[in-house]
Amino acid sequence: MESTGKRQIWTRPSIPYINPEEHSIAFQQIEVDECIDPYSASRSPMIRMFGLTEAGNSVLCYVKGFLPYFYIPAPNGFKSGDIAEFKSSLELALQHEIPSGGRELLNKVEVKLKETIQGYHGKQKCPFLKLSFVDTKTLNIAKRMIEDGSFTYKSREVGGITFESNLKYVLRFMIDCKVTGANWIELPPKSYRFCAEYERSSHCQLEIIARHDQFISHPPEGDWSKIAPLRILSFDIECAGRKGIFPEAAQDPVIQIANMVTIQGEKNPFIRNVFTLNSCAPIVATDVLEYYDEGNMLQAWCDFVVEADPDVIIGYNIANFDLPYLIDRATHLKVTRFPYFGRMKGEQKEDVHHSIITDLHNGNPETRRRLAIYCLKDAYLPQRLMDKLMCLINYLEMARVTGVPFSYLLSRGQQIKVISQLYRKAIEQDFVIPARKNVEGMDEPFEGATVIDPEKGFYNVPITTLDFSSLYPSIMMAHNLCYTTLVDQREIENLNLKNDSDYIVTPYQSARFVKAEVRKGLLPSILEDLLSARKKAKADLKKETDPFKRAVLDGRQLALKISANSVYGFTGASAGQMPCLEISASVTAYGRQMIEQTKREVESRFTMENGYKHDAQVIYGDTDSVMVKFGVDNLVDAMKLGQEAAEYVTGKFLRPIKLEFEKVYFPYLLINKKRYAGLYWTNSEKWDKLDTKGIETVRRDNCLLVQNVIETCLRKVLIDRDVSGAVAYAKKIISDLLQNKIDMSQLVITKALSKSDYSAKQPHVELAERMRKRDPGSAPTLGDRVAYVIIKGTKGAAAYEKSEDPIYVLENNIPIDTSYYLENQLSKPLLRIFEPILGDKAESLLSGDHTRVVQHTTPTIGGLMKFAVIVPTCLGCKVPLTKNADTVVCRHCKPKLGELYQKQLSTVNEFETRFARLWTQCQRCQGSLHQDVLCSSRDCPIWYMRKKAQKDVQDASAVLEKFNYEW
DNA sequence: CTACGGTCCTAA
DNA sequence: TGAGTTAGGACCGTAG
């Protein structure tokens, strides 16, 4: 044993005595997946539930006996006596496709009274055939044979359409057995048995076999909303990078792996250790495990992970950097057992273990990709870890609310969550859901929301904002919009339905829906459940004092809100599983009417004629909000009127539609549709924040210079109310820019490379192509963000000809086209901000002394900047020196050589210090300016600063070398 | 020179 | 196989 550190006991609590005949077992499942029962002759599908008990024992529960199935409408005149004949006929057809040696493929055919959710047809249940199969493969073949008409029964094609045939086995199981994501499962006595040793396949403490119809699935309510004591491993690696080079697994050893294991709900980690290569000074409250061979260290770490047996593994960017690095490194060192760590012994997976959370970040794919969980470092630790645990809890709550398994939240989209809920609602009322056959081109676009024409300008008076809360969900509830309530003219006549009393006509092409009194829609019920649950969660949150319970509740209310909002998107997803334009287009049509009506109501009520001090004016509005200038000059009045207006307008609409007063902007800068900034007040004492929408500060396709300048100017204007200070600042930056005083990291622009085939030439696309020619390996690929700077080029050259890789620019001393940055990046955003405030005077920003620079940049040779030669200049007086001479000073400055050497020496030292500092910072990008960024992606200002610093060190050292020739 | 389409990214 | 929606500003290149 190389390790000199003491090993603690890390294992889980020992297993209590459990007698399956007498005792029940309850556990919280944290993941559900499917597998094939290796001990069944028929290779039956089987469910696996991973989880842990309240005591913290890990559980793997196999659930047997659940068979996949789907429905078809029973053929005309089908009687229960026909079942046997139908069954053997379909069995025969299946046997023909899948020779199974006589083994049964179609397990069961049953007649069930069901109703399609598609359209209102007078609440009539009809006979459907429920077809259960021995496995999913067979199910899919049967589905195809029925859908394409190749299966016939009594010489007639059967159905064509199938119902619920595209629901995945795992989700089908969960829905039927009322299992939701991450809920508690109870196995009553006599309903389960422990696996025999030979049946075990995991490191879990309890491996159990249960049946699908003999367990209790507890809804996550009351006591069952608790969270089991998850063991959470967080780790962080350090590589011994060669000086100035980003670590590569083939070269650079892992020198340290720091780990913490925390039990969910406990304050402090119960394991803190560091695996180090070679010796390491003791660290407070941390076990130091020293190894003298890297392979041994990696192997020991792997064993540690197996032993600590975490339920969840988190770390800063583990999925993108740390884990791949460790695995590559282990491969390089031939640590063969390495990639096998995790819960399942032997079962090798190419991807990482199921319980590894690669992504705990809400937002778009981009922010998701650069997930930062935390760094196991310094003082950041407790808060960062806490944040990520909260994140984990939010996900658990999302899984519970929507009913999907945990992993779906990371790997699947929004639709599956709605589908899960829809199925759960549908099954209660014996509805069946048609499987969408072909994705043919029915994608007629539909009209979206209204954006009120803005009265652009700078408002130095309070602007009150009124918002409809959950607009689209509330519209669907108020008008009972659903698949099950949509009714056509023919059905209206058949069933003798009366307009207004039985059904309503929506503003979208006269789509009609029956009212809730005739039939309550499924979607409105889902939304009601979600929103009332949210109300409850928010109320409980108010009362709760325990921070963990608060976190659970907050995660819950957030999950409920997001879920409610995605229902509309689901009905409008033309390429999705169940698009319904009548619903989605009616929702937006109502929304358009409502925002217009709100504007009218506010402007006609709050008038001087009605006794108010001023006439109110709606100066802007988007989708579900209106910005109102009541004309008052103070926050208190603006808020009071906002409250009054919200209540007044709410009264004009159907329940549960509600207009709310939320905030006042003061001052408010309205630049354009979807572009504004303002100081945000929810009480009249203190502003909450500077709110910025759509403008350059929040856009990723701008360089940092533009983001920072605009941000600073907005703060100076809106918070400090210092317009002249903002102007002076902007002028200073422009002057700095033109004098090349701006660090290149501020000038890097990044844009996503989203297609492989572009019609128009663009800077990032052209650069990616050029980089591919230079070095296909390191060039950006589809989906990457391409970083570039604009360099000097021939006069009139297009931007796409002047884009260049920032690294290349640094390494080759290529001059930046600063005037491009002024004219094409900075000037328009600055003018847009200052024009509403300064009027025509804003133009002076872009002309004047600060824009006149003595140009002493190197002249360029033609357009081929790559070959530009930097003429060496004298260190003392900057006079150009003769080419090819290995000198640093001209003859006049020779006497000052000693002094200049000292100066150069300190420059080198300075650069080295700076480089070292940036290197530390860059290793994990902590504290990067705006977000957690992936260092290895070229989308990180610190990374460029570090690159630049590295080059500075090299250049300065080279100059220092040259002194050798001087004496 | 203007108009317009392609592209990116954001608001809601 | 698996994918929420539309509105809209801003920039750039190119056709006319």
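Below, chain A is the first sequence line, B the second, and so on; all start at residue 1. These figures come from a predicted structure and were not determined experimentally.
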| Taking only residues two or more places apart in sequence, or in another chain, which ones meet Tyr680(A) in a ring pair (Phe, Tyr, Trp, His ring centres under 6.0 Å)? |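 Checked Tyr680(A) against ring pair (Phe, Tyr, Trp, His ring centres under 6.0 Å); matches are Tyr665(A).
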Are [X] and [N] close enough that a side-chain N or O sits under 4.0 Å from OP1 or OP2?
X	N	answer
Lys168(A)	dG2(C)	yes
Arg700(A)	dT10(B)	yes
Lys755(A)	dT7(B)	yes
Tyr620(A)	dA12(B)	no
Asn672(A)	dG8(C)	no
Asn565(A)	dG4(C)	no
Thr571(A)	dT5(C)	no
Lys673(A)	dA7(C)	no

| query | Glu801(A) has an atom CD; how far is it from atom C1' of dT14(C), in whole Å? | reply |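 It works out to 14 Å between those atoms.
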| task | Find the distance Tyr676(A):OH to dG8(C):P and express it as a whole number of Å. | result |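 One finds 15 Å between P of dG8(C) and OH of Tyr676(A), rounded.
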| said: Quick test of your reading of the model: are Glu397(A) and Arg400(A) salt-bridged, counting only N-O distances below 4.0 Å? | reply: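 Looking at Glu397(A) and Arg400(A), the cut-off is met.
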Base, sugar-phosphate alone, or nothing: which one does [X] contact when heavy atoms must sit under 4.0 Å apart?
X	value
Gln577(A)	nothing
Ser754(A)	sugar-phosphate
Arg832(A)	sugar-phosphate
Tyr408(A)	nothing

